[in-house]
Peer 1: 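Next up is a structure, given as structure tokens.
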Amino acid sequence: MSKHLTKRSDNYSKWYNELVVKAGLAENSAVRGCMVIKPYGYAIWEKMQQQLDIMFKETGHENAYFPLLVPKHLFEAEEKNAEGFAKECAVVTHYRLKSDDNDKTKLVVDPEAKLEEELVVRPTSEAIIWNTYKNWIQSYRDLPIKINQWANVMRWEMRTRLFLRTAEFLWQEGHTAHETKEEAVEEAILMNNVYAQFAEEYMAMPVIKGKKSESERFAGAEETFCIEALMQDGKALQAGTSHFLGQNFAKAFEVKYANKEGKLDYVWATSWGVSTRLMGALIMSHSDDNGLVLPPKLAPFQVVIVPIYRNQEQFNLVSDKAKTIQKDLQANGITVKFDDRDTHKPGWKFAEYEMKGVPLRIAIGPKDIEKGTVELARRDTLTKSFVSADDVSGTVIQTLEDIQKNLYTKAHNFTTNHTKFIDSYADFKAYIENEGGFAECFWDGSAETEELIKKETKATIRCIISEDDLEGKKCMYSNNPAKAKVLYAKAY
RNA sequence: CGGGGCGUAGCGCAGUCCGGUUAGCGCACCUGCUUUGGGAGCAGGGGGCCGCAGGUUCGAAUCCUGCCGCCCCGACCA
């Protein structure tokens with residue numbers, strides 16, 4: 001492993017790519033656009049999953065699993081959804097290989113084994129799920145259905161980047177069915193709020209909640225709610241989306257229920273998801289030129305203990321102390337790794353855990369044993385202090401809380417400092433070009449304005465913040481009466 | 001799919017223009033000794049179908065042709 005990471009100020013994108021690899025989170029694989037998520041990276045994803053799963057269950061959802069492959073006729077049933085995803089679908093056309101007649105060591109697709117109907121590798125699961133819900137729903141007594149699935153999906157993207165955009169990615173997708181429009185809208189908003197809460201409390205990442213403009217909406221949705229986060233390079237990252245699907249899928253799949261009056265009606269739907277892209281968001285929100293910085297609530301281990309010693313006798317002494325502290329911390333619910341490997345030196349370990357973003361490091365050496373102290377090093381501030389070995393747990397618990405808060409505060413200040421209200425297009429262009437960040441602006445609600453601004457500046461409407469109090473407000477671009485206050489930014 | 005670049009050890013690269021001993025360097029790896037409070041030092045060692053397939057030549061990593069793959073910039077996107 002090389003010693004240094006490219007600096008963010010030199011090349012942000014290179015910094016990110018190197019960081020993901022050097023911190024042991026993920027790497028590119030032999031499959032185009034698909035990544036291998038390595039154990040340390042997967043451990044973070046598991047932490048995210050565990051917490052989200054708890055939150056989904058608290059809001060009344062159950063997990064289930066639907067097939068990876070979707071028959072083409074089902075996939076095309078909801079027109080807009082099909083059209084939106086058609087360009088990036090992997091398709092299974094055959095079910096068998098055979099050895100090549102010209103070269104027995106090679107395999108070729110057996111032309112005899114062509115499928116009568118192609119199977120689409122799911123880019124999202126609405127189709128297969130709604131086709132299933134059709135069989136599950138007859139009466140209002142069958143509603144609501146609130147299901148989540150943890151799965152992989154595939155979207156054949158042109159250009160991929162580890163975690164931010166890969167051809168295959170892991171995510172969760174919630175799919176719910178409701179009696180009324182109001183209930184479905186409420187559900188979509190609720191889940192967007194759950195995402196926002198997760199981002200802020202666990203990822204320590206401030207987000208802006210809003211809804212998408214029509215052009216940025218999910219294919220097949222009536223309304224898309226989203227959370228947007230600002231990365232350190234001033235670009236926005238869509239961190240989660242929650243869709244109110246209206247009756248579009250119910251109509252496409254003929255999902256009707258008998259209501260309390262005995263009349264048949266189409267059900268109302270939502271879907272919502274967050275993906276391994278959250279890993280990218282987490283990495284970019286807090287990390288620095290020394291490597292990853294993780295919030296304590298999502299770190300695979302919150303504390304690492306590094307022993308320092310010259311000989312076996314010292315090691316035994318230090319190791320005893322370390323194990324006592326480790327047990328005590330574990331008893332307090334803190335995850336601790338004691339790195340007693342003799343194959344690497346302390347300095348190497350310090351650098352390594354800094355790269356991996358472990359929130360707190362405890363070093364214990366002969367001097368500490370003498371003085372009854374340990375050295376405590378914070379990853380977020382890179383500061384070190386000596387604390388009494390008698391109450392390490394108390395100090396650690398307090399410090400971990402501080403770190404979690406500090407990361408949020410830092411990110412929040414960054415977002416606030418890089419969010420500007422702008423009402424002149426000239427200022428807007430200069431801001432997007434030179435500073436980067438969120439721009440709050442009034443918008444006339446037209447797709448033309450949106451499109452032109454995108455063409456001229458590469459900034460897009462990340463979300464609509466509000467549609468109230470627009471009396472006398474003018475669109476920054478067209479000067480026409482404003483229909484909404486929106487957030488613009490260049491996006492990932 | 002348009003424009004640019006690159007394929008040489010696990011990783012990062014030099015060598016290619018101008019063909020010529022045994023293909024080299026850094027990191028990593030292995031062995032030994034000394035080390036261990038911020039990525040240790042010295043000594044020794046292992047590892048290459050030079051992207052693939054043809055061609056030119058006495059001789060090809062180097063020249064020619066074709067193919068494949070990857071990266072970057074655009075269009076597309078959670």
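Residue numbers begin at 1 in each chain, while the letters A, B, ... track the order of the sequences.
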Peer 1: Give a yes or no on whether the ring-centroid distance for A:Phe301 and A:Phe338 is below 6.0 angstrom.
Peer 2: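 Aromatic pair excluded; centres sit 6.0 Å or further apart.
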Peer 1: Of the listed nucleotides (B:G37, B:U36, B:C76), which one gets closest to any side-chain atom of A:Tyr309?
Peer 2: B:U36
Peer 1: Tell me if the side-chain of A:Arg310 makes a donor-acceptor pair with the base of B:G37, cut-off 3.5 Å, by modelled atom types.
Peer 2: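 Such a pair does not exist between side chain and base.
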Peer 1: Applying a 3.5 Å limit to both distances, which nucleotide forms a Watson-Crick or G-U wobble pair with B:U65?
Peer 2: B:A53
Peer 1: If you check the A:Arg155 side chain, which of B:G37, B:G39, B:A78 turns out closest?
Peer 2: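 Per side-chain heavy atoms of A:Arg155, the pick is B:A78.
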Peer 1: Rounded to the nearest 0.5 Å, what separates atom CD1 in A:Ile461 from atom CD1 in A:Ile453?
Peer 2: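 Taking CD1 in A:Ile461 and CD1 in A:Ile453, the distance rounds to 7.0 Å.
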Peer 1: Please say whether more than 12 non-hydrogen atoms of neighbouring residues, nucleotides or ligands are located less than 6.0 Å from CD in A:Glu186.
Peer 2: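 No, not enclosed.
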Peer 1: By the 4.0 Å heavy-atom rule, please label A:Thr166 as base, sugar-phosphate, or nothing.
Peer 2: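 A:Thr166: base contact, heavy atoms under 4.0 Å.
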Peer 1: Counting Watson-Crick and G-U wobble pairs only, both distances under 3.5 Å, name the nucleotide matched with B:A43, or none.
Peer 2: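 Checking every strand shown, B:A43 finds its partner in B:U31, with both distances under 3.5 Å.
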Peer 1: Is there a Watson-Crick or G-U wobble partner for B:G19 with both distances under 3.5 Å, and if so, which one is it?
Peer 2: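 Across all strands, not a single nucleotide pairs with B:G19.
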Peer 1: Within the structure shown, what part of the strands sits under 4.0 Å from A:Arg341 by heavy-atom distance: base, sugar-phosphate, or nothing?
Peer 2: nothing
Peer 1: Could you measure between the two P atoms, the one in B:A23 and the one in B:C18, and give it in whole Å?
Peer 2: 24 Å
Peer 1: Provide, to the nearest angstrom, the distance between the CZ atom belonging to A:Phe350 and the C1' atom belonging to B:G38.
Peer 2: 6 Å
Peer 1: Please state how far atom CZ in A:Phe315 lies from atom C1' in B:U35, giving the value in whole angstrom units.
Peer 2: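 The distance from CZ of A:Phe315 to C1' of B:U35 comes to 17 Å, rounded to the nearest Å.
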Peer 1: Indicate whether OP1 or OP2 belonging to B:G38 is found under 4.0 Å from a side-chain N or O atom of A:Lys384.
Peer 2: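 The answer is no; no side-chain N or O of A:Lys384 sits under 4.0 Å from OP1 or OP2.
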Peer 1: Nearest to the A:Glu157 side chain among B:C76, B:G39, B:U36, which nucleotide is it?
Peer 2: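 For A:Glu157, the side-chain atoms sit closest to B:C76.
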Peer 1: In whole Å, what is the span from the CD atom of A:Glu18 to the P atom of B:C11?
Peer 2: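 Whole-Å distance recorded here is 16 Å.
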Peer 1: Paired with B:C70 by Watson-Crick or G-U wobble geometry, both distances under 3.5 Å: which nucleotide is it?
Peer 2: B:G5
Peer 1: Take the protein atom CG of A:Asn28 and the nucleotide atom P of B:C71, then report the distance between them rounded to whole Å.
Peer 2: 6 Å
Peer 1: Quote, to the nearest angstrom, the P distance that separates B:C25 from B:U57.
Peer 2: 35 Å
Peer 1: Tell me which of A:Phe85 and A:Gly365 sits closer to the 5' end of RNA chain B, going by the nucleotide each one is nearest to.
Peer 2: A:Gly365
Peer 1: Counting only side-chain heavy atoms from C-beta out, which of B:G38, B:C72, B:G39 sits nearest to A:Asn17?
Peer 2: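 Comparing B:G38, B:C72, B:G39 against the side chain of A:Asn17, the answer is B:C72.
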Peer 1: Using the P atom in both, what is the distance from B:A53 to B:C6, to the nearest Å?
Peer 2: 22 Å
Peer 1: Closest approach to the side chain of A:Pro366, judged atom by atom: which nucleotide of B:A78, B:G37, B:G38 is it?
Peer 2: B:G37
Peer 1: Starting at CG of A:Asn11 and ending at C1' of B:C71, how long is that distance when rounded to a whole Å?
Peer 2: 13 Å
Peer 1: Only one of A:Met205, A:Glu201, A:Glu200 forms a side chain to side chain contact (heavy atoms under 4.5 Å, CB included) with A:Met203, so which one is it?
Peer 2: A:Met205
Peer 1: Pick the C1' atom in B:G59 and in B:G45, then give their distance to the nearest Å.
Peer 2: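 Roughly 32 Å separates the two C1' atoms.
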Peer 1: What's the closest nucleotide to the A:Glu354 side chain, out of B:G37, B:G39, B:G38?
Peer 2: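 Between B:G37, B:G39, B:G38, the one nearest the side chain of A:Glu354 would be B:G38.
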Peer 1: Both A:Gly347 and A:Phe163 contact RNA chain B. Which one's nearest nucleotide lies toward the 5' end?
Peer 2: A:Gly347
Peer 1: Taking only the C1' atom of each, what is the distance from B:G55 to B:C70 in whole angstrom?
Peer 2: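 26 Å, rounded to whole Å.
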Peer 1: With heavy atoms under 4.0 Å as the rule, sort A:Lys349 into base, sugar-phosphate or nothing.
Peer 2: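 Nothing: the residue A:Lys349, judged by heavy atoms under 4.0 Å, touches no strand.
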Peer 1: Hunt down the Watson-Crick or G-U wobble partner of B:G24, both distances under 3.5 Å, from any strand shown, or write none.
Peer 2: B:C13
Peer 1: Reckon A:Tyr492 touches a base, only the sugar-phosphate, or nothing at all at heavy-atom distances under 4.0 Å?
Peer 2: nothing
Peer 1: A:Lys345 has an atom NZ; how far is it from atom P of B:U34, in whole Å?
Peer 2: 14 Å
Peer 1: OP1, OP2 of B:A75 versus side-chain N and O of A:Lys455: anything below 4.0 Å?
Peer 2: no
Peer 1: Please classify the nucleic acid contact of A:Gln238 as base, sugar-phosphate, or nothing, using heavy-atom distances under 4.0 Å.
Peer 2: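 It contacts sugar-phosphate atoms only.
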Peer 1: Say we look at B:G5 and B:G47: how far apart would their P atoms be, to the nearest angstrom?
Peer 2: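 My reading of the P atoms in B:G5 and B:G47 gives 37 Å.
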Peer 1: Are the side chains of A:Phe75 and A:Pro123 in touch, meaning some heavy atoms are under 4.5 Å apart?
Peer 2: yes
Peer 1: Looking only at side-chain N and O atoms, does A:Ser215 offer a donor or acceptor that is under 3.5 Å from a partner on A:Arg217?
Peer 2: no
Peer 1: Determine which nucleotide pairs with B:A75, using a 3.5 Å limit on both distances of a Watson-Crick or G-U wobble pair.
Peer 2: none
Peer 1: Tell me, do A:Ile208 and A:Cys463 make a side-chain contact under 4.5 Å, heavy atoms counted?
Peer 2: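 Yes, side chains in contact.
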Peer 1: Mind checking A:Ser275 for me? I need base, sugar-phosphate or nothing, with any heavy atom below 4.0 Å counting as a touch.
Peer 2: base
Peer 1: Nearest whole angstrom, please: distance from the C1' of B:G37 to the CG of A:Asp368.
Peer 2: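 Those two atoms, CG and C1', are 8 Å apart.
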Peer 1: A side-chain contact here means heavy atoms from C-beta on lying under 4.5 Å apart; do A:Met279 and A:Ile44 qualify?
Peer 2: yes
Peer 1: What's the CD-P distance between A:Glu451 and B:A75, to the nearest Å?
Peer 2: 11 Å
Peer 1: Hey, which of A:Leu360, A:Leu400, A:Val374, A:Val387 is the one that makes side chain to side chain contact (heavy atoms under 4.5 Å, CB included) with A:Thr395?
Peer 2: A:Val387
Peer 1: Could you tell me the Watson-Crick or G-U partner of B:A60, where both distances fall under 3.5 Å? Say none if there is no partner.
Peer 2: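 Checking every strand shown, B:A60 finds no partner, since no pair has both distances under 3.5 Å.
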Peer 1: Could you work out the separation of B:A75 and B:G69 based on their C1' atoms and round it to a whole Å?
Peer 2: 23 Å
Peer 1: Could you work out which one of B:C76, B:G39, B:G38 sits closest to the side chain of A:Glu352?
Peer 2: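 The answer is B:G39.
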Peer 1: In whole Å, measure the gap between the P atoms of B:A61 and B:C17 for me.
Peer 2: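 Taking atom P in both B:A61 and B:C17, they lie 12 Å apart.
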